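For reference, the structure discussed in these notes is given below.
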Amino acid sequence: MGCFSFIKVMMIIFNVLIFLGGGTLLGVGIWVSVDSNSFLKIFGTVSASAAVQFVNVGYFLIAIGALLVLLGFLGCCGAQKESKCLLLIFFTIILIIFIAEVAGAVVALVYSNLAESILGPLLKPVLQNDYGSNSKPDVTKIWNATMENLHCCGFDGYSDFNNSTYYSNYHQYPPYCCNSTLNAVCTQVNAMNSKISGCFSQLLYLIRQNAAIVGGVAAGICALELAAMVVSMYLYCHLDKEIH
């Protein structure tokens with residue numbers, strides 16, 4: 001078996017695995033989104049907040065699964081059919097994802113203030129208007145799970161809930177904005193004295209605290225993406241030489 005044939009077979013096997021993995025994620029995502037009640041039963045005694053987190057990632061799993069299915073199809077068919085067009089599309093999508101990941105990592109870690117200025121205007125209005133609203137229970141569940149697991153309050157802090165829908169309905173701040181040891185209603189004074197960090201700063205702190213793990217996972221993903229791009233471009237160039 002020549003080098004080209006070996007790489008072609010490896011490309012097919014690799015993309016079949018991607019396709020199957022994407023199909024699994026897509027199926028789970030659809031199941032979670034359509035029939036969340038049966039999904040929750042699997043977890044039994046798992047806490048409600050933890051289960052809610054899984055339910056709320058349904059649409060995310062659908063998006064990731066669909067992308068992986070598409071990539072697996074393009075890579076596998078491109079290699080099997082020796083199609084330059086499919087291989088080029090595969091390479092382009094991987095390249096776009098790679099650039100987006102690198103840009104996102106740089107903005108989030110190096111230019112955290114810029115990331116905050118971009119995300120703040122997007123997330124704060126949702127927090128102000130939809131959190132605690134009966135018409136947007138999913139927003140409330142997502143923020144509750146985030147604040148509980150990250151031990152944070154709002155985007156920047158308790159002040160994000162000033163004049164919010166939640167405060168108008170309940171005349172207090174979310175319990176996550178106050179220390180549990182107070183055993184009292186979470187008023188503005190209690191929230192101010194508790195000094196609970198905002199979720200954005202808490203997330204950055206956790207990322208930096210686990211920088212080795214995050215960096216290792218990111219490096220592994222980037223290495224796979226680079227390998228996929230190199231292999232697809234090698235096959236593309238080899239086919240191009242055969243034509244000429």
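Nothing here was measured: the structure is a model prediction, and the numbers come from that model. Numbers here are sequence positions counted from 1.
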**Message:** Please tell me whether F91 and V102 are part of a single hydrophobic cluster in this structure, the criterion being side-chain heavy atoms less than 4.5 Å apart.
**Reply:** yes
**Asked** How would you list, by chain and number, every residue that makes a side chain to side chain contact (heavy atoms under 4.5 Å, CB included) with Y166, sequence neighbours excluded?
**Response** Y131, S164, Y170, Q172, P174, P175
**Message:** Holding to side chain to side chain donor-acceptor pair (under 3.5 Å), I want the full list of residues that pass it with S133, two or more places apart in sequence or in another chain.
**Reply:** S135
**Message:** Side-chain heavy atoms nearer than 4.5 Å, only ILVMFWY residues, links allowed to pass through others: does that put L88 and F4 together?
**Reply:** yes
**Those residues that, when tested against T187, pass side chain to side chain donor-acceptor pair (under 3.5 Å) (two or more places apart)** = N190
**Fill in**
Those residues at least two apart in sequence (or on a different chain) that pass side chain to side chain donor-acceptor pair (under 3.5 Å) with N162 are Y173
**Message:** Would you call the rings of Y234 and H238 parallel, tilted or perpendicular, taking 30° and 60° as the class edges?
**Reply:** tilted
**Request:** Check the hydrophobic clustering (I, L, V, M, F, W, Y; side-chain heavy atoms under 4.5 Å; chains of links allowed) and say if L150 and Y205 are grouped together.
**Result:** yes
**Prompt:** Should F19 and L68 count as side-chain neighbours, where that means a heavy-atom distance under 4.5 Å?
**Reply:** no
**Message:** So I94 and L226, do their side chains get closer than 4.5 Å, heavy atoms only?
**Reply:** no
**Message:** Tell me if a side-chain donor or acceptor on T140 pairs with a main-chain N or O of G132 at a distance below 3.5 Å.
**Reply:** yes
**Prompt:** What distance do S168 atom OG and F161 atom CZ have between them, rounded to the nearest 0.5 Å?
**Reply:** 12.5 Å
**Asked** L127 and F155: which non-hydrogen atoms are nearest, and at how many Å?
**Response** CD2-N, 3.7 Å
**Item:** disulfide bond (SG atoms under 2.5 Å apart) between C153 and C177, intermediate numbers included
**Value:** CA-CA 5 Å; C153 169; C177 298; 1.9 Å; yes
**Asked** Hey, are the side chains of I196 and Y158 touching, using non-hydrogen atoms and a 4.5 Å cut-off?
**Response** no
**Request:** Ignoring hydrogens and angles, tell me if any N or O in the side chain of T165 forms a donor-acceptor pair with the backbone of N129 under 3.5 Å.
**Result:** yes
**Request:** Mark yes or no: K84 above the aromatic ring of Y236, with NZ or CZ under 6.0 Å from the six-membered ring centre and no more than 45 degrees from the axis.
**Result:** yes
**Item:** side chain to side chain contact (heavy atoms under 4.5 Å, CB included) partners for I93, two or more places apart
**Value:** L67, L70, L71, L74, I89, I97
**Fill in**
Output for pair (L95 CG, M233 CE), nearest 0.5 Å, gives 8.5 Å
**Message:** Looking at every heavy atom in both Q202 and S197, which two are closest together, and how far apart are they?
**Reply:** OE1-CB, 4.0 Å
Contacts under 3.5 angstrom, residues 7-16 side chains, donor-acceptor by atom type, not counting sequence neighbours:
residue : atom : partner : partner atom : Å
K8      : NZ   : E82     : OE2          : 3.0
N15     : ND2  : M11     : O            : 2.7

**Fill in**
In short, C77 meets L86 closest at the heavy-atom pair CB-CD1, 3.8 Å
**Request:** To the nearest 0.5 angstrom, please state how far the CD atom of Q188 sits from the CG atom of N193.
**Result:** 10.5 Å
**Complete:** On a heavy-atom basis, the closest approach of C178 and A191 is SG-N, 3.5 Å
**Flag side-chain contact, heavy atom, 4.5 Å: L26 against L61** = no
**Message:** To the nearest 0.5 Å, what is the distance between CD1 on I99 and CD on E225?
**Reply:** 10.5 Å
**Asked** Atom CG of L123 and atom CG of D156: how far apart are they, to the nearest 0.5 Å?
**Response** 10.0 Å
**Request:** With rounding to the nearest 0.5 Å, note down the distance linking CG in L25 to CD1 in I64.
**Result:** 8.0 Å
**Prompt:** Can you tell if the side chain of F90 reaches within under 4.5 Å of the side chain of V231, non-hydrogen atoms only?
**Reply:** no
